[in-house]
Every structure is written in structure tokens, then in C-alpha cells.
Amino acid sequence: MTVRQLLPVSSLVAFLATISWSLSVKPSPPSRGRMALINSCSARRDRPAFLTRVTNRQVFVSSAPSPRINKLPPLSATIPDEEMSSYDIDEDEAAEQSLAALSANGEAPHTIYDDSSVNENDKYGTRTAMDRYSTTLQKFSLSLPTVSNLPSRRPISSHDVFCNRELRLDNLKAVGFDMDYTLAQYQQPAFDKLAFDGAKEKLVKSLGYPSEVLDFEYDHTYWVRGLIIDTQRGNFLKIDRHKYVRVAYHGFQPISKNMRKQLYSRTFNKVPSFTEKYFVNMDTLFQHVDAHLFASLVELKDYGEHDFLDGKTYEEIYRQVRECVDLCHRDGVIKDEVAKNPEKYLVLDKGLIPMLNKFRANGIKVFLLTNSYWEYTSTAMNYLFHERKVDAETQKKNEWLDLFDLVVVGSCKPAYLTDPYLNLFRVMPEDGSLRNTDGLFEIEALGEDGARKFLEMGKTFQGGNWNHLQAMLDIEAGRRYSTLVITYMLTYYVRNVRLAGDHALSCLNSLRRCESFKNN
């Protein structure tokens with residue numbers, strides 16, 4: 001049996017290519033279509049670029065102006081036009097920092113994967129796999145006609161469904177949706193600026209921060225989810241799957257390789273877990289506001305002459321930033337403005353209502369589980385349902401409730417999944433007033449078919465916990481993956497899902513991951 005019979009064509013080509021590269025003293029320049037690192041990138045201090053963004057297997061470099069005049073000398077780092085391994089990147093500081101740098105000539109962001117296989121209409125297939133592997137095949141004097149049938153690259157669509165392979169969708173009895181950043185998508189950066197500007201005013205007027213804080217400008221393109229904030233040191237980290245810190249910034253300034261390794265490298269007997277309280281995971285889009293405001297204040301503390309900030313630790317600054325942003329969500333600074341001008345901040349989705357109706361038509365119970373309170377939930381959902389801002393009389397009808405079997409507002413996630421003592425209140429949709437309930441005891445007291453009788457008295461609630469959800473949906477305990485919650489955040493709930501039980505909750509990362517449901 002020959003080697004060709006043992007290995008698939010693509011594996012054989014990759015195997016031969018590996019041998020070819022390992023035998024070479026110095027890697028040859030990459031052919032078109034092979035992986036090539038960003039070249040001609042320099043980390044300019046006046047336009048720092050933070051942490052590369054990975055989309056469709058490409059690495060885009062996004063830039064944002066620093067809120068302070070940077071006092072560090074500029075980096076003039078470039079990467080040679082040749083292939084480099086992750087080891088090379090780790091050992092070479094210039095190459096490492098350039099992963100988060102903007103092109104010196106200000107052109108469009110470079111990509112790690114060659115884009116020559118994409119035509120003007122962004123369609124794949126203008127190049128063939130034969131072109132991609134031709135150099136390797138010629139070097140080993142091989143003729144493999146089947147290579148031409150291989151795709152030149154594997155496109156990844158934002159509409160693909162990514163889920164745990166243990167999750168069987170045919171076992172689902174109920175599907176729940178969060179509202180903010182799930183059913184209700186927000187316009188960026190308009191929505192974030194409400195929180196950013198509101199938090200700035202609270203920091204200055206209520207907590208006594210320097211007036212320069214009011215001059216900070218927000219740039220949502222500077223951040224991506226998946227980063228870690230070291231609130232104790234004022235650093236922002238990008239780690240790999242082995243918990244190794246690949247790129248680190250202090251405020252908006254890159255941290256050198258030596259300093260980064262001194263702070264975060266593993267020792268022979270200890271691997272950093274990044275689970276301490278002062279490490280904050282940027283799991284949600286809401287945290288982009290926290291990150292940008294915190295980084296701006298780190299710069300102001302380091303390079304400004306302010307005794308007020310000198311007397312505060314980075315951790316204390318972050319805590320006060322978090323408190324101010326959170327207060328903006330609760331005191332009406334954000335949601336009152338959205339309620340006045342929903343068309344400015346909310347994104348309409350033509351596929352939303354058909355998708356929800358299709359779930360119910362197929363016998364699946366659909367529920368809404370949001371941290372927002374009733375007044376705002378009613379306003380946002382009425383706008384999404386009617387696709388326009390409605391008058392007070394129409395809003396009181398709340399026709400959108402017909403899309404759901406159950407609605408829970410003010411749920412206090414993630415405590416909803418962990419605290420069995422949270423009380424359940426009934427919301428009166430007409431005026432938003434609350435009524436006490438006896439929760440599980442009341443459902444049980446109603447006797448046979450108690451859940452249905454309980455919901456017939458009203459299906460809108462505030463608070464409660466996962467036990468109430470399970471009882472109201474009449475889902476039998478122990479049923480594996482009987483309920484699916486679709487939310488804008490993933491690790492936010494994954495940390496608590498086991499506490500809620502096997503049957504209770506599974507998570508998808510966003511509504512966009514469920515596009516295929518609309519067609520099934």
C-alpha cells in the first residue's frame with residue numbers, strides 16, 4: 001500500500017509541505033494563498049491599534065486614537081515578508097507587537113490569510129487549490145489531479161450555527177431569548193455612547209474626577225470580545241487557548257515582551273488561571289464601554305498631573321467606572337433615551353417574528369428572559385414588533401406578547417441561575433405594577449396542570465429563579481437539554497449552567513447563530 005493510498009490528498013500535500021519547510025535552512029517567501037504574516041506594520045503611538053480582530057479566518061487590525069498624548073518612543077517594527085511560526089512571533093518582540101499595529105501607510109488592514117482567492121464581489125473561488133499547492137507538488141515531482149477539486153480556502157459564514165456537539169436540537173422542549181443584543185440589536189456606536197457619556201459625567205460631577213475626563217472620545221472599533229482586563233495593573237490581555245498571554249497593553253500602550261512575561265508567564269509549578277477577582281473577562285458588547293473608559297483613565301493617571309488619580313489604585317478606578325456605567329443602565333440615562341428615539345438606537349430584523357412563530361408552530365415553548373425591566377422591555381419589543389414607534393394606547397396592548405409563552409423581566413442574570421431564593425412577582429402589563437406570588441407553592445396548590453392555570457392568570461413576571469422557570473414551562477427535571485437559552489453572552493452563563501442542572505440551560509452565542517432555524 002502506498003503513501004498516497006494511506007493519506008487523503010489534502011493531508012498528503014500538507015505533510016509534504018511540512019517536510020519541505022523543516023528541511024529548509026531558511027523558509028522561502030510564501031507563495032500566494034499560503035499563510036503570510038502581516039508585513040510592513042508599525043506600531044505608531046499616535047494611532048495605536050489594539051488587539052487583532054479575527055473574522056472569517058482573517059486577522060484585521062483596527063485602530064483608534066489615544067485619548068492622551070503618548071510619551072513613549074514610537075515603535076518602528078516591521079515583519080519580513082516570509083513565513084513565521086508562532087514560536088518566531090513569541091521570540092521576536094517587534095513581530096509580536098505588530099500583531100496589534102496599524103500599517104504605516106494607513107492603507108486598509110492587512111490579513112494573515114492571502115485574499116487573492118476573493119474576487120471583487122467577495123466570492124470565493126477565483127483561484128484554485130492547484131495554484132495554492134503548486135510549489136509543493138513541483139518540489140516533490142508529484143502529479144495529483146484531484147487537488148484541483150479542493151477549495152482554495154474554507155469560508156466561514158457569520159450565519160453558520162456553532163454549538164456543542166452534545167446538544168441535540170430535537171430534544172428541545174423550550175427555547176428562550178434574551179432581549180438586549182439578542183432580539184434587540186443596537187446601533188453602534190450610538191448606543192454605547194449613551195453609557196460612555198453618562199458615565200463620564202458621573203465620574204466628574206459625582207466622584208470628583210478631573211474635568212479632562214469629559215473630553216474622552218469613545219471608539220467602539222478599538223475592542224473585541226474575548227479579552228481580559230487586569231484591573232489590578234490597568235492592563236488588557238489577549239491570551240491563547242493555553243492561557244498564554246500573547247499580547248498585552250497597559251492602557252493604550254503596548255507592554256514589552258520581557259515585562260509581559262515577568263507579569264504573566266507560567267512558572268515551573270504554577271499555570272496562571274486568570275480567575276482571580278481582579279481579572280475581568282470581556283464577554284459582552286456592553287463591556288466595550290467599560291474597557292475604553294478604563295484605558296483612558298489609566299493613561300490620564302500615568303501621564304497626567306492629578307493628585308486625585310495618584311491617590312487611587314487601578315482596581316479602584318475600574319470599580320468606580322463599572323459602578324457609573326451600571327448606574328447609567330438603571331437610572332434612565334440610557335434606556336429613557338432609547339425609548340424616546342428607538343429608531344436611532346434599535347435595529348429592525350425582518351426575520352425575527354417569522355422565526356419566533358415557527359418555533360411555536362412546531363410545538364416548542366418560547367420565552368423571553370431579560371434583565372431589563374418591564375417599561376423598557378415593552379417599549380423595545382413594541383418597536384421591534386410593529387417596526388415603528390407606537391403611541392401610548394397601542395403600547396398598552398402589548399401585542400408582541402402573543403409571540404411568547406412566558407416573559408420574565410428583571411431576571412437578575414446570572415443570579416437567576418444560582419440563587420434559589422429569589423422571589424417571583426407577577427407583572428401587570430396594563431400599568432407595569434407588580435403583584436406578589438407564592439411561586440412554586442402556588443403552582444403546586446393549583447393541582448393538576450398547575451403550570452397552565454398559573455400562566456392563564458398572566459404570563460409576564462419579574463425576578464424569580466430557574467426553579468420557577470422550570471415549573472412554569474412544565475419541564476420535567478432530569479431531561480437533558482430540554483431548554484435552550486439564546487443570549488448575547490456565552491461564558492457569562494457557562495460558568496453557572498452546571499449549577500442550574502443538566503436539563504435547565506444551554507447557550508448559544510447570539511441570535512445570529514440561529515439564522516438556520518428560520519429556514520428549518
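The closest donor-acceptor contact from the side chain of Thr370 to the backbone of Val409 lies at 3.5 Å or more, if one exists at all. Using a distance-only test at 3.5 Å, with no hydrogens or angles considered, a donor-acceptor pair links the side chain of Glu299 to the main chain of Phe252. Within the 3.5 Å criterion, the main-chain N or O of Cys412 finds a donor-acceptor partner in the side chain of Asn371. The backbone N or O of Thr437 lies less than 3.5 Å from no partner atom in the side chain of Arg426, so there is not a single donor-acceptor pair. A donor-acceptor pair under 3.5 Å is absent between the side-chain atoms of Tyr383 and the main chain of Arg388, judged by distance alone.
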What's the verdict on side-chain contact (heavy atoms from CB on, under 4.5 Å) for Asn235 and Leu263, showing C-alpha distance, side-chain angles and the deciding distance?
CA-CA 10 Å; Asn235 296 342; Leu263 293 175; 3.9 Å; yes
- Task: Go through the steps to decide whether Asn258 and Ser256 satisfy the test side-chain hydrogen bond (donor to acceptor under 3.5 Å, both in side chains), and finish with yes or no.
- Result: CA-CA 6 Å; Asn258 292 334; Ser256 67; 5.7 Å; no
Quick one: do Phe385 and Leu401 satisfy side-chain contact (heavy atoms from CB on, under 4.5 Å)? Show the steps, please. CA-CA 10 Å; Phe385 182 81; Leu401 287 174; over 6 Å; no
Open item on the list: Trp400 vs Asp402, test: side-chain hydrogen bond (donor to acceptor under 3.5 Å, both in side chains). Steps then yes/no.
Closed with: CA-CA 5 Å; Trp400 61 271; Asp402 294 334; over 6 Å; no
request  = Check the pair His468 / Leu422 against side-chain contact (heavy atoms from CB on, under 4.5 Å), numbers first and verdict last.
outcome  = CA-CA 10 Å; His468 298 123; Leu422 293 176; 5.9 Å; no
Next on the checklist: What verdict does the side-chain contact (heavy atoms from CB on, under 4.5 Å) test give for Glu323 and Val321, after you've listed the backbone C-alpha separation in whole Å, the side-chain angles of each residue and the deciding distance to 0.1 Å?
Outcome noted: CA-CA 5 Å; Glu323 290 171 355; Val321 167; over 6 Å; no
Residue pair Ser433, Arg435: steps toward the side-chain hydrogen bond (donor to acceptor under 3.5 Å, both in side chains) verdict: CA-CA 7 Å; Ser433 61; Arg435 300 287 187 272; 3.0 Å; yes
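Side-chain contact between Asp180 and Ser372: present, with at least one pair of heavy atoms (C-beta onward) separated by less than 4.5 Å. Phe177 places none of its side-chain heavy atoms less than 4.5 Å from the side chain of Leu369. Within the 4.5 Å cutoff, the side chain of Asp405 has no heavy atoms near those of the Lys459 side chain. Taking 4.5 Å as the limit, every side-chain heavy atom of Leu406 sits out of range of all side-chain heavy atoms of Lys365. At least one side-chain heavy atom of Tyr218 sits under 4.5 Å from a side-chain heavy atom of His288. Using a 4.5 Å heavy-atom cutoff, the side chains of Asp283 and Arg225 are not in contact. Leu297 places a side-chain heavy atom less than 4.5 Å from the side chain of Val213. Between Tyr345 and Glu337, the closest side-chain pair of non-hydrogen atoms falls below 4.5 Å.
The neighbour count for Met428 CE, taken as heavy atoms of other residues, nucleotides or ligands under 6.0 Å away, is above 12. Atom OH of Tyr186 sits in a crowded spot, with more than 12 heavy atoms from other residues, nucleotides or ligands closer than 6.0 Å. The local environment of CD in Glu276 is crowded, with over 12 non-hydrogen atoms from other residues, nucleotides or ligands closer than 6.0 Å.
In plain terms, the two heavy atoms of Gly351 and Asp349 that are nearest each other are N-OD1, 3.0 Å. Heavy-atom minimum distance, Gln287 versus Val280: NE2-CG1, 3.7 Å. The shortest heavy-atom contact between Leu309 and Lys301 is O-NZ, 2.9 Å. What you find for Gly198 and Val333 is that their closest heavy atoms are CA-CG1, 4.1 Å. Closest approach of Ala174 to Phe367, counting heavy atoms only: CB-CE2, 4.1 Å. Shown here for Tyr209 and Ile317, the closest heavy-atom pair between the two residues is OH-CA, 3.8 Å.
With rounding to the nearest 0.5 angstrom, the NZ atom of Lys202 is 4.5 Å from the CG atom of Leu327. To the nearest 0.5 Å, the span separating OH on Tyr373 from NZ on Lys335 amounts to 8.5 Å. A distance of 13.0 Å separates NZ of Lys312 from CG of Asp307, quoted to the nearest 0.5 Å. Note that OG of Ser411 is 7.0 Å distant from CG of Asp178, once rounded to the nearest 0.5 Å. Glu343 CD to Gln187 CD: the interatomic distance, rounded to the nearest 0.5 Å, is 10.5 Å. In this structure, NZ on Lys389 lies 11.5 Å from CG on Leu346, to the nearest 0.5 angstrom.
Under the 6.0 Å cut-off for aromatic ring centres, His220 and Phe196 do not qualify, their centroids lying 6.0 Å or more apart. Close placement of the His329 and Phe286 rings is indicated, their centers lying within 6.0 Å of each other.
Of the candidates Tyr303, Tyr314, Phe236, Tyr314 is the only one forming a ring-ring contact (aromatic ring centres under 6.0 Å, His included) with His250.
Relative ring orientation between Phe191 and Tyr181 is described as perpendicular, the plane-to-plane angle rising above 60° on a 0-90° scale split at 30° and 60°. A perpendicular orientation is assigned to the rings of Tyr318 and Phe294, their planes being inclined by more than 60° (bins at 30° and 60°).
Listed by chain and number, the residues in a salt bridge (charged side-chain N to carboxylate O under 4.0 Å, His left out) with Asp240 are Arg246 (sequence neighbours excluded).
With hydrogens and angles left out, the side-chain atoms of Asn382 and Thr394 include no donor and acceptor closer than 3.5 Å.
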